[in-house]
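Computation of the quantities below employed the complete heavy-atom set of this structure, encompassing side-chain atoms and omitting hydrogens, waters and symmetry-equivalent molecules. In each ligand, atom 1 is the first atom listed, and ligand 1 is the first ligand listed.
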Amino acid sequence: MAAQSSVSLEKIVALCKRRGFVYQSAEIYSGLNGVYDFGPLGAQLRKNIKDAWLNHMTQWAEDVVVMDGSILGSAAVWKASGHLDNFSDPMVDCLSCKKRYRADELELQKPCPSCGNRQWTDVRQFQLMFETNLGALSDNASKAYLRPETAQAIFINIKNVMTSSRVKIPFGIAQIGKAFRNEITPKQFLFRLREFEQMEMEFFCKGEDAASFFDLWIERRQHFYRQIGLSMDRIRMRQHAADELAHYSQACVDVEYEFPFGWKELEGIANRGNFDLSQHSGHSGKDLAVFDEATRESFMPHVVECSVGVDRLFLTLLFDAYYEDEVDGEIRTVLKLSPRMAPVKAAFLPLVKKLNEPMEKLYLHIKKQGYSVLFDDAGSIGKRYRRYDEIGTPACFTFDFESLEDNAVTVRNRDTLQQERIAIDRVQEYLDAMLKTAE
Ligand code: GAP
């Protein structure tokens, strides 16, 4: 059984649709570009990703607390953050076929890749934030923006969090939530979206400690990717050159993954200096400096940020886990997700329908304990195994006629295909051992 990871984006998209991970949003109305809906398995996988991230973020000696900011942000916030002035991409249109491109992704001396003519408009800057108006009036005073990152809600609340939860520098604030960018060319399925979800943690520390916390978080984030089962030979850390740095950043390392379309950013880890808090202090007139009891002096905290998209990590996990191998002369598609990430932990399969009742009893017992499990009696046992391999289910339990005699079931391992017999009252223990986080 020679397993190989041979996957194209098309295969991932087809699997996602077929098995209810991801659907094109508003598909019955011919779709909405750059926006997706998540079906039952997709929603569960997202939940597992977010749980694992939160767990990782909040396990250290330093406090990391969680908050949940608003999606609508006032124009004043985005002015202070620099997004109103800087958050744009260069855009160019083809005058002949009207297709729109990011100018930095094209060679403008060459013809349009779509129609073959060479008639470009001038390059303009395109603001990526979605603008809206609050209330009935559409004047400047009521202008608001859908947040293009979750981070700003953290910065503008630092004082609220510090006074209400007794955390002290150094500490972090973590947040998971939707973000919106009017990307000129959304592409590669979930890789670049117009509506997506971010997991961001802003770690506040003294300026002199920022460089060492930056290094520490780079190390911790690598540990996280190992823990959730990504192949570490497809992960690399790439330091930004000075001319690549975002307007707020002093140093930045991208966690990159080797996608079939090349090495691309999965997560950004940035030393943001004290840019954000200084900006918000200046623009709001509220001093966001922190008083140090030891030195009896105020200082502006520096920030180390870890920021990754739920959707981009979702896509990465699928690429990483997708294998095709040959079992009994047939091609089998299997997602080798780590048990912790797998949307369904185990399937309960009676060998024949006559055995449904005792198997259902065991299934309901396990389900009641809070495990994400499924019962399935449709089709041959081989077909059922394939169905669960394809969605990454690590264990399949089968109840057969012998089970009536020995009170045991067969458990089949998705990756090794090995089967073993275990007592029914040890099924939960088996699942717990399987789910124990790899250290
Ligand atoms: N607060 C910093 C920030 O937002 P970013 O590099 O623009 O930095 C961080 O975004 C992460 O958010 C990216 O590494 C990626 O995982 C995710 N992300 C950004 N734009 C995205 C998009 N259009 N679609 C999906 N994920 C996106």
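For the pair R194 and F196, the cation-pi test (distance below 6.0 Å, angle within 45°) is failed. Judged by a 6.0 Å distance limit and a 45° cone about the ring axis, K17 is not positioned over the six-membered ring of Y23. Seen from the ring of F275, R272 does not count as a face-on cation partner, given the 6.0 Å and 45° thresholds. For K345 and Y371, the positive end is not near the middle of the six-membered ring at less than 6.0 Å and at most 45° from its axis. R46 forms a cation-pi arrangement with F38, by the criterion of a distance under 6.0 Å to the ring centre and an angle within 45° of the ring axis.
Remark: minimum distance from atom 2 (C) of ligand 1 to any protein heavy atom is reached at E305 OE1, 3.0 Å. Atom 9 (C) of ligand 1 has as its closest protein heavy atom S307 OG, 3.0 Å. For atom 20 (N) of ligand 1, the nearest non-hydrogen atom of the protein is R181 NH1, 3.3 Å. From the protein, the heavy atom lying nearest to atom 25 (C) of ligand 1 is F191 O, 3.2 Å. The nearest heavy-atom contact from the protein to atom 8 (O) of ligand 1 is Y248 OH, 3.9 Å. Atom 26 (N) of ligand 1 has its closest protein heavy atom at F196 CD1, 3.6 Å. Counting only heavy atoms of the protein, atom 10 (O) of ligand 1 lies nearest to Q198 NE2, 3.5 Å.
Salt-bridge formation is detected for the pair R18/E390: a Lys NZ or Arg NE/NH1/NH2 atom is positioned less than 4.0 Å from an Asp or Glu carboxylate oxygen. A salt bridge between E256 and R236 is present, with a side-chain N of the basic residue lying under 4.0 Å from a carboxylate O of the acidic one.
Close approach of ligand 1 to E149 is summarised as follows: ligand atoms under 4.0 Å from at least one heavy atom of the residue are 1 (N), 2 (C), 3 (C), 4 (O). Within the listing of ligand 1, atoms 14 (O) sit less than 4.0 angstrom from a heavy atom of E267.
Checked against a 3.5 angstrom limit, the closest N/O atoms of R192 and ligand 1 fall outside it. Between E200 and ligand 1, at least one N/O pair is under 3.5 Å apart. At under 3.5 Å, a nitrogen or oxygen of G309, whether backbone or side chain, sits near a nitrogen or oxygen of ligand 1. By the 3.5 Å distance cut-off applied to N or O atoms, L193 is counted among the residues near ligand 1. Among the atoms of E265, some N or O lies under 3.5 angstrom from an N or O of ligand 1.
Centroid-to-centroid, the aromatic rings of F87 and W78 stay 6.0 Å apart or farther.
The aromatic rings of F155 and F204 sit perpendicular to each other, their planes meeting at more than 60°, with 30° as the lower class boundary.
Under a 4.0 angstrom heavy-atom cut-off, H83 registers as lying outside contact with ligand 1. For V308, the heavy-atom gap to ligand 1 drops under 4.0 angstrom.
With a 4.0 Å heavy-atom cut-off, ligand 1 is reached by the backbone of L266 but not by any atom from C-beta on. Only the side chain of R272 comes within contact range of ligand 1, with a heavy atom under 4.0 Å; no backbone atom does.
In this structure R220 satisfies the salt bridge (charged side-chain N to carboxylate O under 4.0 Å, His left out) test together with E62, sequence neighbours excluded. With sequence neighbours excluded, the residues that form a ring pair (Phe, Tyr, Trp, His ring centres under 6.0 Å) with F259 are F191, Y257, F261, F319.
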